[in-house]
Amino acid sequence: MKRIWFIGAVFACGCAAAAEIPDSCVCALRRALDSRAVWTMERRFAGSVRTLSTTGTVECVIGNRIEWKVLHPFVSSVSMTTNAMVFLDEDGERVKNLDDLPYYREIRKRTDSFARGNADAFDGLFEMNVDIRPDGVWSLEMKPENRAMRRLFSSATLEGNAKLESAVFKTKDGGISVIQFKELPRVR
Amino acid sequence: MSVRRIFAAFAVPVALAVVCASVFFCRSVRFKTSLYDIVGTSAETVPEAVREHSSCLVPIMVSSVDAAAARAAADDLVRRLPVNECASIRYRFDGSAFSTLLELCREHRAGLVSPHDERLLETAEGRRKIARAALRRYYASPVPPLLSPEEDPFCLTDGFVKSLPVSYSGWTQLDGVLTASRDGVFYILIIVELKREMADDPDALIAFKERLDEIFAEARKPSVSINVCGVPLHTAFTAGRCKTEINWLTLISTLFIVLLSTVVFRSFKWLPLLAGLLGVAALAGAAASLILFSTVHVMTFVFGTTVLGLVVDYSFHWLLQDGAECAKTRRNLIISFVTTEISLLPLLLSSLPVLRQSAVFLGTGLAAALAYVLVCYPRPSRCDHMSDSRPVRIPLAVPALAALILISVFGACRARFATDPAAIYRPSAELAESEKILAELSGLNDESCGFLVISGDGSLENLLERESSLGLSDAVPRLSGFLPAFERRMKNYENIVRLYAEHGDRQRENLGVGSLVTHPSPRPWQWNDVPAFASAFISGDNLLIPSAPAPEAELPEGVRFYHLKSILAGMLSELADETGVRLVISMAVMFLALLVLCRCRAIRVIFPSLAALLAVLGVLGFAEENVTLFHLLASFILLGTGVDYTVFLHNGGRAALKPAICSLLTSVVGFGALSFVSFPAVNAFGSVLAVGLPVAFFCALATVPDPEPATEHGASPIGLEVLFAVYRIFGLMVLHAFAGCFGFFMWLFSRDVRRASPSPRKVIAFTHSLADKLVVMANGSNMPVVETDGSSDARRFIDDVAAKRGVFVLSSHCGTVEVLSALGTCDVAFHAWMEFERTSVFNRFYLRHAKREKVTIHPISSFGPETVFTAGDLIDAGDCLVMAGDRGAGRKRKVRFGSGEIELSEGAFRFARALGHPVYFAACVSEGGRRYRAVIRRLPTENLDVMIKVYADVLYGVVSAYPHQWFKWERGR
């Protein structure tokens, strides 16, 4: 459930600001919703002595699916389709029905709405702060308004130019996760 | 009207109002409003847990085909809701519940694991999988864990939270709000919980509903619908509707009573007394209910208002009576009161609190009203035109009555009893529709809506263990899902210790944390551990689980399934049976009471009530209206009121007709108006009385008996038999002593007797006279010793009698003429005539015991030609005829009587003359003990006027000499 929250939040964060952020940012986020990328995540929990590194790929097809694959250090994947969520790891495949995952349904609905051009689809979810550098690189910091979401992360910062390049999630207790995206050519 | 009475008339209601107010403020009386409280408070039947569960909840559903529009409307609505009246508004779950849950997990994380992890923890391979899955989660998922890796290196808390249900009874949490969809319509649920004190205050609920309606009107958008339901709104709707209707009907009834009183009394002066009476009845009833019961149901006051319709009858009967008939009216009022109280008596023993309370209210109200009438009301002035004691007759009464009963029986056969709760409680169509939508969206219906109630010894752990032992599906929301039982947590804890021992160090290294926080050992749950979001599962000291029906046999001890509709239907069925039995008991007790009060007329007195009940049943049968508990309740009132009509109409003659009609009109208008009230319970009450009262009145009129003669008032066949037995066993002396005592006590305790005879001597002499009469009739031993006054007329009388010349004795009510037969001169028989019906008690006694050798009394219905011929034959044969000259029917003649005048019956004198035999005046006066002196005078028969004058003079002489032996009790002397 949290995973869905989070994946949704990654997109929702940027989308929530769509009404007030520059067009370049909106374009980059919408592009991210219909693209394929390699990601690298560096995570450090509060009180931990070292950083956990993970790599993988993500593939989004607007109105169809979002597939988050982990390649290292464990191989696993989670796919969000229009009516289910499919988990695949060394324990096998597990399918969760849409009806059992109301948050997923909500996120899907909002994300699809955003992708269709509704800039207000994520309104009211985040308090945001936009910063655009002269070279066109934008930085979008978002703080969740929902207390339940704040339990997961205290702020999320998306950064990019024409494409979404990174996402940084910070937790209240000082933990941080930095995800770097590198877009791959689309395989049709 | 005396100043004292005026003062009392105003002071009593004021004092009662003060008592009522004091009791209300000093005792913390709670007022109940719910349907459950009408049918019973027994925790055995419907536990508090179920009854109180939803009594404060108001579910509001905002719906639209457009989810965003529904959400916006819901947000807007929630902002407008009146927060002061609400204990809470459950709408958006903004994370506080989630935070509470996480805090709970952090504090009690040992043992709080998902069912999936619980199974894996059992084996070493499972524990390895848990450790591996946790690593995957920490590394691979972009989602941070709920707790830090130091606190929860195996992600057990994440697994536990993930396993909790995200939907509740068909409602799914979406973006913090509960939502559901049906037929393309998106619904959002808002649950308003009212403050506890609001739920017990119908006025506050009515105001809340009105406020809610206003808010809905403001918040409603074209594409958005708002549906609302819930027990508080049902109560508000019913209470509001009842209040409005009853206010109107009370106004109409009061105006009618005022109008009728004005027309009947032709004056407004009695209205304050009437108002005082109604006030006294209502206040006394309310005060008694408030004193005797700590919780009073509002329906008690609704039923209690019927006391007003009953007590107003007392006013009419008292104020419209003839002033000279006070004693009779008082007696009738007391009989009426006693019978009504008897009809209410079985209700006091009922298991229904409302019935007990209503019985106390009505019983006390009636008693207070009767006392008020007898003490504070003025004694009406004498009004001869109303003192008509002739019975009321209606043409074709018997055939009409027979037809009525036949039709009623036919209709009664079609009557059906209803135990469906809907028969006594009809919600508004709008609320019912909303309730239906809510039930459908929640996956419930009438058949599946029930509760499993788990009760125990107050320990939360025991309750959770019982709940866990039920083996309910994980999909069923319940408290043990959030708070697993201690035993289960201990087992998990032991497995977690193994997990840490086997994989802890490696996990710590892989996650890059310095040290792991050890899990505290679980402890049993306490009530204050229960998080607020899970409080919906708790009601009192019980756990509550909405559930499908469960077979009773399969449930462990302390767990019961309650299907509310079935419970209500069962309870209503039992209560209807119980009330039916009590109605029969009430009839039986009333019949016994009437046997004592009215003796052989008891059947006749109770018949109109029974016929009215039958007619009501018949009408309900023809109307295809189901008979409910409340129809039976109204039958108690009908039973009592029907007997009232009979008592007044049967005893009061035509004089009672006017007050009885007024009483009927006020009752029919007052009670009949209730049949227009939409609340079925009150409606049933009104229908029964509106139909039953006129039928009872008609039956009472149709069964009016022939009048009993006034002369025999108080005569008792049993009393005469007792006197005779005393005489036969103990002799004349004891009989005299017995009769004397009886007379003295009668004088002592009866105001009427004292008024008729200021001295007890006359009453004692009268009872002695009756005793001697008995002895003569029976021709027994210790016959009185009679001597004449030795006059020439006396000697001539003895000669005429001895010679069997046939003499006519014009007697009087002075002394005891019957003892004349003991003169001992010869064996000539004395004949007298008595109207059988007029003196039926005495005549029946005479026919049973008299030897009829010396005195023969001829019972007749009227003095007709055949009596004249018989009398002529007897006197011609030489017997003596005895007839009273100072009393009788027919034309009266006024003659001088000392310094005043007396009315004598002319017919007796004319008849004596017509027979052509010697006519004597005779009066036998007692001279103490067995001794009698016979005063005998020959009356001249040539001239009627002279004859009557001589008679009057002689009578005056005897009366003057023996004033205490003139037993003429009629009014005016």
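Predicted, not measured: the structure shown is a model, and the values here were computed from it.
With sequence neighbours left out, the side-chain hydrogen bond (donor to acceptor under 3.5 Å, both in side chains) criterion links Glu183(A) to Arg31(A).
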Side chains of residues 153-169 of chain A: which donor-acceptor pairs under 3.5 Å do they make with residues two or more places apart or in other chains?
residue: Ser154(A); atom: OG; partner: Lys170(A); partner atom: O; Å: 3.0

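For Leu102(B), the part lying under 4.5 angstrom from a heavy atom of chain A is the side chain only. Using a 4.5 Å cut-off between heavy atoms, Ser53(A) contacts chain B through its backbone alone, with no side-chain atom that close. For Glu509(B), the part lying near chain A is the backbone, with the side chain staying farther off; criterion is any non-hydrogen pair under 4.5 Å.
Counting heavy-atom pairs under 4.5 Å between each of Asp91(A), Asp173(A), Thr55(A) and chain B puts Asp91(A) at the top. By number of non-hydrogen pairs under 4.5 angstrom with chain A, the leading residue of Ser515(B), Ser148(B), Pro149(B) is Pro149(B). Comparing Arg132(B), Lys129(B), Glu150(B) by heavy-atom pairs within less than 4.5 Å of chain A, the highest count is held by Arg132(B).
For the pair Arg71(B) and Asp75(B), the salt-bridge criterion is met [side-chain N within less than 4.0 Å of a carboxylate O]. A salt bridge is defined here as a Lys NZ or Arg NE, NH1 or NH2 lying under 4.0 Å from an Asp or Glu carboxylate O, and Arg80(B) with Asp76(B) meets this definition.
Between Trp68(A) and Trp39(A), the ring-plane angle classifies as parallel under the 30° and 60° cut-offs.
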